[in-house]
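First the structure, in the form of structure tokens, and then the observations on it.
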Amino acid sequence: MEGIGSVAVIGVGKMGEIMAAGMVQAGLAPGDIRVADVNREQAGRVAKAHGLHLCEDNLQAVDGARVVLLAVKPQVVPEVLGDLGPALDESHLVISIAAGVSTSSLEAALPTAARVVRAMPNVAAQVGRGVTAICPGTRAGEAQMAQAEKLLSGVGKVIRIAESYMDAVTAVSGSGPAYFALVAEAMTDAAVTAGLPRATADELVAQTILGAAHLLTDGGMAPGALREAVMSPAGTTAMGIRELERGGVRAAVLNAVQAAMDRSAGMAGPSRTIR
């Protein structure tokens, strides 16, 4: 991939592996991705599965790399950056997907002037249909943001936001797949109760959600327009929507997103501040 060079992926648990595989999909040569994990067996499995460069430790991984993807748990970020900091300088880009860790905290933990970009992917990255929000630290400019976009595009769409919106992104796109999964479960159970075989119900619900998603994206329809397109006066959909509104579904979703935002903001508080 032109202009990127080698990338060190620190932490190759589930999301770290997904992001590394996505970089290959985006056009980065597998041998240019250097992986390290405290779990050597896991790192070896991931490296072998994707043809990546297995490293003995984090420092070996960043040696020669221009970009560092930090995919470790938030609570170990201080320790990891403490070890890596002296090996990084202003020519390095650090992309962090550690939930709740702000760019200011990341920058403060680095003894050098490495550039920082914070990213929030979601689980649909696993099938290349994710959405990842990114925001820059104070030292990251257009070149670093463009690099991050290029690297992360292999797992889906990348959007730029202000960091002040990151809790909202976490609550909406980060947690969102679980909300849809809950609705899908309920629809499937309702279909089975109505007499459909579960396998048929599963397929109907999944394809219905997928089709609706394509109408919102590829079809360019707003959610309200899609709802109105399906509803006819006093028809079956209208009766179903009436019951959903009566059950408070709209208010429940609003409350769910707010609760998730509050939790995300709490995770970014003192317990997630890097000193």
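- Here the side chain of Glu17 pairs no donor or acceptor atom with the backbone of Lys14 at under 3.5 angstrom.
- A continuous path of ILVMFWY side-chain contacts below 4.5 Å connects Val77 to Leu59, so both sit in one hydrophobic cluster.
- Between Gly13 and Asp37, the shortest heavy-atom contact is N-OD2, 3.9 Å.
- Note: Thr188 OG1 to Glu203 CD = 11.5 Å, rounded to the nearest 0.5 Å.
- No single ILVMFWY cluster, assembled from side-chain heavy atoms under 4.5 Å apart, contains both Val230 and Ile209.
- Judged by distance alone, the side chains of Thr103 and Glu163 do bring a donor and an acceptor atom under 3.5 Å apart.
- In this structure, the separation between CG on Asn255 and CZ on Arg250 is 13.0 Å, given to the nearest 0.5 Å.
- Taken from CG in Leu152 to CD1 in Ile159, the straight-line distance is 12.0 Å, to the nearest 0.5 Å.
- Taking the side chain as every heavy atom from C-beta outward, Thr132 and Asn122 never approach each other to under 4.5 Å.
- Using a 4.5 Å cut-off on side-chain heavy atoms (C-beta onward), Met120 and Ile97 make no contact.
- Taking all atoms of both residues into account, the shortest heavy-atom contact from Ser6 to Gly64 is CB-O, 4.0 Å.
- Between Ala171 and Tyr179, the shortest heavy-atom contact is O-OH, 2.9 Å.
- More than 12 heavy atoms of other residues, nucleotides or ligands sit less than 6.0 Å from atom CD of Glu243.
- His92 and Ala87 make their closest contact through CE1-O, 3.6 Å (heavy atoms, listed as atom of the first residue, atom of the second, distance).
- When atom types are taken as modelled, the side chain of Ser153 and the backbone of Lys150 share a donor-acceptor pair closer than 3.5 angstrom.
- The OG1 atom of Thr170 lies 6.5 Å from the CE atom of Met166; values are rounded to the nearest 0.5 Å.
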**Pair Leu84-Ile10, side chain to side chain contact (heavy atoms under 4.5 Å, CB included): steps then yes or no** = CA-CA 10 Å; Leu84 294 181; Ile10 308 301; 4.1 Å; yes
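- In terms of heavy-atom proximity, Ala229 sits nearest to Met221 at CB-CE, 3.9 Å.
- No more than 12 heavy atoms of other residues, nucleotides or ligands shown are found within 6.0 angstrom of CZ on Arg129.
- No salt bridge links Arg118 with Glu107; every basic N to acidic carboxylate O contact stays at or beyond 4.0 Å.
- Remark: Ser96 OG to Ile134 CD1 distance equals 13.0 Å, nearest 0.5 Å.
- Cluster annotation: Val24 is connected to Leu54 through the hydrophobic network of ILVMFWY side chains, with a link wherever side-chain heavy atoms come within less than 4.5 Å.
- Residues Ile161 and Cys135 approach most closely at O-CB, 3.2 Å, considering heavy atoms.
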**Request:** Decide side chain to side chain contact (heavy atoms under 4.5 Å, CB included) for Arg227 and Ile241; before the verdict, give the C-alpha distance in whole Å, the side-chain angles of both, and the deciding distance to 0.1 Å.
**Result:** CA-CA 9 Å; Arg227 175 178 52 79; Ile241 292 292; 4.2 Å; yes
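- Residues Val158 and Val131 fail the side-chain proximity criterion, which asks for heavy atoms closer than 4.5 Å.
- The closest side-chain heavy-atom distance from Thr200 to Asp202 is not below 4.5 Å.
- At a threshold of 4.5 Å between non-hydrogen side-chain atoms, the residues Gln147 and Ile4 count as touching.
- Here the side chains of Met23 and Val7 are in contact, with some heavy-atom distance below 4.5 Å.
- The existence of a salt bridge linking Arg115 and Glu90 is excluded, since no basic side-chain nitrogen approaches an acidic carboxylate oxygen closer than 4.0 Å.
- Electrostatic pairing of Arg198 and Asp189 counts as a salt bridge here, judged by a charged N lying under 4.0 Å from a carboxylate O.
- Leu93 has its side chain within reach of Ile95: a pair of non-hydrogen atoms, C-beta onward, lies under 4.5 Å apart.
- Note on Val76: it clusters hydrophobically with Leu106, by side-chain heavy-atom contacts below 4.5 Å among ILVMFWY residues.
- The neighbour count for Glu245 CD, taken as heavy atoms of other residues, nucleotides or ligands under 6.0 Å away, is above 12.
- Counting only distance, with no hydrogens or angles, the side chain of Ser105 and the backbone of Val101 share no donor-acceptor pair below 3.5 Å.
- Placement of Leu215 and Leu210 in two distinct hydrophobic clusters is found when ILVMFWY residues are connected by side-chain heavy-atom separations under 4.5 Å, directly or transitively.
- Side-chain contact between Gln126 and Met15: absent, with no pair of heavy atoms (C-beta onward) separated by less than 4.5 Å.
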**Prompt:** side chain to side chain contact (heavy atoms under 4.5 Å, CB included) between Leu52 and Arg34: does it pass, once the steps are laid out?
**Reply:** CA-CA 6 Å; Leu52 312 179; Arg34 307 165 63 83; over 6 Å; no
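- Taken to the nearest 0.5 Å, the CE atom of Met231 stands 10.0 Å off from the OG1 atom of Thr236.
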**Request:** Test Met19 against Val155 for side chain to side chain contact (heavy atoms under 4.5 Å, CB included), laying out the working first.
**Result:** CA-CA 7 Å; Met19 303 308 281; Val155 296; 4.1 Å; yes
